[in-house]
Amino acid sequence: MIIIKLRGGLGNQMFQYAFGRACSIKTREHLLLDLTWYTNSKRKFILNEMKVSLGCLIKNPRILKLIKFFKKTTILQDKGVFEEKNLNI
């Protein structure tokens with residue numbers, strides 16, 4: 001299972017989703033999108049307004065903790081810089 005923690009505006013959301021989707025396809029793992037950052041942000045999650053099949057969206061931090069506890073997960077989080085190691089997932 002791959003979890004992508006989304007944050008930022010539409011451009012960031014599109015890139016983060018595309019990267020997570022590519023990793024999901026490559027590894028044949030399920031993709032989950034963590035939307036908890038938007039709970040305390042002035043920004044809004046708007047990628048869902050596009051005609052894209054997003055899969056599972058997680059908005060509750062407690063659910064995210066449960067998933068991490070019970071499932072083997074790979075969490076990819078944008079740190080503001082390109083990390084080549086994420087390409088070798």
Side-chain angles (χ1 to χ4, degrees):
M1 181 175 302
I2 295 176
I3 299 175
I4 299 290
K5 184 173 183 74
L6 294 180
R7 52 182 231 196
L10 179 59
N12 288 341
Q13 293 171 33
M14 290 170 64
F15 176 78
Q16 293 160 1
Y17 168 76
F19 181 73
R21 180 83 171 113
C23 291
S24 172
I25 291 169
K26 182 178 178 181
T27 61
R28 296 182 181 169
E29 295 283 337
H30 292 286
L31 175 63
L32 300 173
L33 301 178
D34 174 4
L35 306 180
T36 57
W37 184 82
Y38 294 96
T39 305
N40 299 319
S41 173
K42 292 179 183 177
R43 296 241 186 203
K44 297 198 184 297
F45 175 69
I46 54 177
L47 186 61
N48 59 339
E49 295 176 16
M50 306 306 227
K51 304 263 188 230
V52 177
S53 175
L54 297 175
C56 187
L57 307 176
I58 305 167
K59 298 177 183 176
N60 187 327
R62 291 183 199 155
I63 293 174
L64 187 62
K65 284 183 183 180
L66 282 172
I67 291 170
K68 289 181 201 176
F69 182 77
F70 288 108
K71 296 286 280 178
K72 178 184 170 243
T73 60
T74 302
I75 301 172
L76 301 175
Q77 183 172 350
D78 181 11
K79 296 179 182 167
V81 295
F82 174 72
E83 295 185 80
E84 189 171 345
K85 67 176 181 158
N86 287 340
L87 294 177
N88 298 321
I89 186 166

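In this structure, Q13 contributes its side chain and G8 its backbone to a donor-acceptor pair below 3.5 Å. In terms of modelled atom types and a separation under 3.5 Å, the side chain of S24 and the main chain of E29 share a donor-acceptor contact. A donor-acceptor contact shorter than 3.5 Å is absent between the side chain of Q16 and the backbone of G11.
The stretch residues 47-63 participates, sequence neighbours left out, in no salt bridge (Lys or Arg N to Asp or Glu O under 4.0 Å) pair at all.
Between L54 and N48 the shortest side-chain heavy-atom distance falls below 4.5 Å. Side-chain contact between W37 and L6: absent, with no pair of heavy atoms (C-beta onward) separated by less than 4.5 Å.
Considering NZ of K44 and OH of Y38, their distance stands at 11.5 Å, rounded to 0.5 Å. To the nearest 0.5 angstrom, L10 atom CG is 9.5 Å from F45 atom CZ. Put simply, CD1 on I2 and CZ on F19 are 8.5 Å apart, with the number rounded to the nearest 0.5 Å.
For Y17, the side-chain hydrogen bond (donor to acceptor under 3.5 Å, both in side chains) criterion is met by no residue, not counting sequence neighbours. Listed by chain and residue number, K5, D34 satisfy the side-chain hydrogen bond (donor to acceptor under 3.5 Å, both in side chains) test with T36 (two or more places apart in sequence, or in another chain).
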